[in-house]
Amino acid sequence: MIDKRDEDVSQLLRVTLQRADALAAFRDNPLRRAEVESELDVSRTTAHRIVTALTEHELAERVDGRYALTAFGEFAAEEILRVRRRFEAADRLRPLLDAIASAPADFEVSWFANSSVVESSPGDPYAPLERFVELVKMTDSLKGFDTTSIAPMFVEDIRAEVVGGMQTSIVYQPSVVEQLADNYGDELADAMDSGHLELFTHGELPFGLALFDERIGVGAYDERTGMLSAFVDTDDPDAYVWGEQLYETYRDEAVPFEP
């Protein structure tokens, strides 16, 4: 049986979630009720409801004609906004979350809160791959691992960057490296001899990982077609450190490829 205290906490939680945007606004500056209207782009009636709800639950108080968060309101705002950022990040990572969460390195979804997310669609099936190639053209180095090779229509773009001197270190599944060696054996050998390219093979890779100069990207693949179905990238420094640790784990386990 739910007691009165549980009901009060549930009601408080509902108000806090419903008014998360208002709590965020009040964290920046105390506001008059008229300023609440413009800050949150709401009607006068809604602004009245907001300040009434926050004051009734002692999340905010009126001081010198303005509404400011109480100490409890500050705490509630911080916690609710933190949870919302984590939830939004998890939603953005949904295509990759199962694979990422099981990877052998500590992971925090909030690192990808401000990430770029590109998913394939029937009208644009190569959109994730185009985002990857775009980032490749903007970097001087690339390292990571991948479960499949690049679609033929984009191979020339990648080949040009590697031949042009981009420092590249990639861990592939053995079948992928065999395919690359069959199709581009001489160029692979030349790039590896020049020191621009390192290739490794590993039998079990969880997803696609790319570490550019200043961004980390992760990719999910369609199990039926093998095509890149989603690519998520961010410049969050903690995410980058996580990616480097993950890359080094699989590279250390991998076998160097010798053409």
Side-chain angles (χ1 to χ4, degrees), residues 79-121 124-136 138-139 141-151 154 158 167-177 198-255:
E79 289 301 303
I80 286 296
L81 295 173
R82 180 180 63 83
V83 169
R84 189 166 74 170
R85 284 194 298 270
R86 285 172 55 83
F87 186 85
E88 290 173 348
D91 184 52
R92 296 171 73 80
L93 285 170
R94 192 181 305 194
L96 287 155
L97 199 55
D98 287 342
I100 290 177
S102 62
D106 291 338
F107 172 74
E108 171 56 55
V109 295
S110 63
W111 297 337
F112 286 82
N114 298 315
S115 59
S116 165
V117 181
V118 180
E119 296 186 70
S120 62
S121 65
D124 194 359
Y126 292 109
L129 194 48
E130 289 171 349
R131 174 58 178 171
F132 170 75
V133 173
E134 175 188 354
L135 293 174
V136 166
M138 297 167 59
T139 189
S141 65
L142 173 65
K143 56 186 178 182
F145 51 78
D146 212 345
T147 60
T148 188
S149 59
I150 299 297
F154 293 99
I158 307 299
Q167 288 298 128
T168 309
S169 179
I170 302 293
V171 182
Y172 277 126
Q173 291 180 338
S175 60
V176 174
V177 174
E198 292 181 328
L199 275 182
F200 302 86
T201 62
H202 193 294
E204 296 183 9
L205 297 171
F207 49 85
L209 171 77
L211 293 161
F212 308 97
D213 287 345
E214 299 177 349
R215 297 186 74 83
I216 172 179
V218 288
Y221 289 85
D222 185 294
E223 293 182 0
R224 183 176 58 85
T225 64
M227 289 179 57
L228 189 64
S229 59
F231 191 77
V232 183
D233 62 90
T234 181
D235 61 357
D236 184 280
D238 291 325
Y240 199 93
V241 170
W242 167 79
E244 286 187 311
Q245 293 174 346
L246 201 55
Y247 158 73
E248 290 169 4
T249 296
Y250 283 99
R251 185 201 59 194
D252 292 345
E253 296 173 353
V255 177

Can you give me the closest heavy-atom contact between [X] and [Y], atom names plus distance?
X    : Y    : result
W111 : D238 : NE1-CB, 3.3 Å
A239 : T234 : CB-CG2, 3.9 Å
A230 : E119 : CB-CG, 4.0 Å

| said: Does D106, at its CG atom, have more than 12 non-hydrogen atoms belonging to other residues, nucleotides or ligands within less than 6.0 Å? | reply: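 No, CG of D106 has 12 or fewer neighbouring heavy atoms, counting only those of other groups under 6.0 Å.
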| Should the heavy atoms of other residues, nucleotides or ligands under 6.0 Å from CG of N114 be counted, would the total exceed 12? |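 No, CG of N114 has 12 or fewer neighbouring heavy atoms, counting only those of other groups under 6.0 Å.
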| said: For a quick check under 3.5 Å, do Q167 and S141 share a side-chain donor-acceptor pair by atom type? | reply: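 No.
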| field | S110 side chain to E108 side chain, donor-acceptor N/O pair below 3.5 angstrom | value |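 Short answer, yes.
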A side-chain contact here means heavy atoms from C-beta on lying under 4.5 Å apart; do [X] and [Y] qualify?
X    : Y    : answer
E214 : D235 : no
R131 : D233 : yes
Y126 : F132 : no
V171 : L209 : no
L142 : I170 : yes

| request: Before accepting this row, confirm whether a basic side-chain N of the pair R82/E79 lies closer than 4.0 Å to the acidic partner's carboxylate O. | output: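 Looking at E79 together with R82, the answer is yes, because their closest N to O distance falls below 4.0 Å.
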| Atom pair CG/CD1 of L246 and I100 - distance to nearest 0.5 Å |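 Rounded to the nearest 0.5 Å, the CG-CD1 separation comes to 9.0 Å.
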| About how many Å separate CZ of R84 and CZ of F87, when rounded to the nearest 0.5 Å? |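 Reported to 0.5 Å precision, the distance equals 11.5 Å.
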| field | Stepwise side chain to side chain contact (heavy atoms under 4.5 Å, CB included) check, K143 with L211 | value | CA-CA 5 Å; K143 56 186 178 182; L211 293 161; 3.8 Å; yes
| task | Kindly assign one of parallel, tilted or perpendicular to the pair F112 and W242, based on the angle between their ring planes and the thresholds 30° and 60°. | result |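 F112 vs W242 ring planes: perpendicular.
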| query | Out of Y221, Y250, F145, F231, which one pairs with F207 under the ring pair (Phe, Tyr, Trp, His ring centres under 6.0 Å) rule? | reply |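 Between F207 and the candidates, ring pair (Phe, Tyr, Trp, His ring centres under 6.0 Å) is satisfied uniquely by F145.
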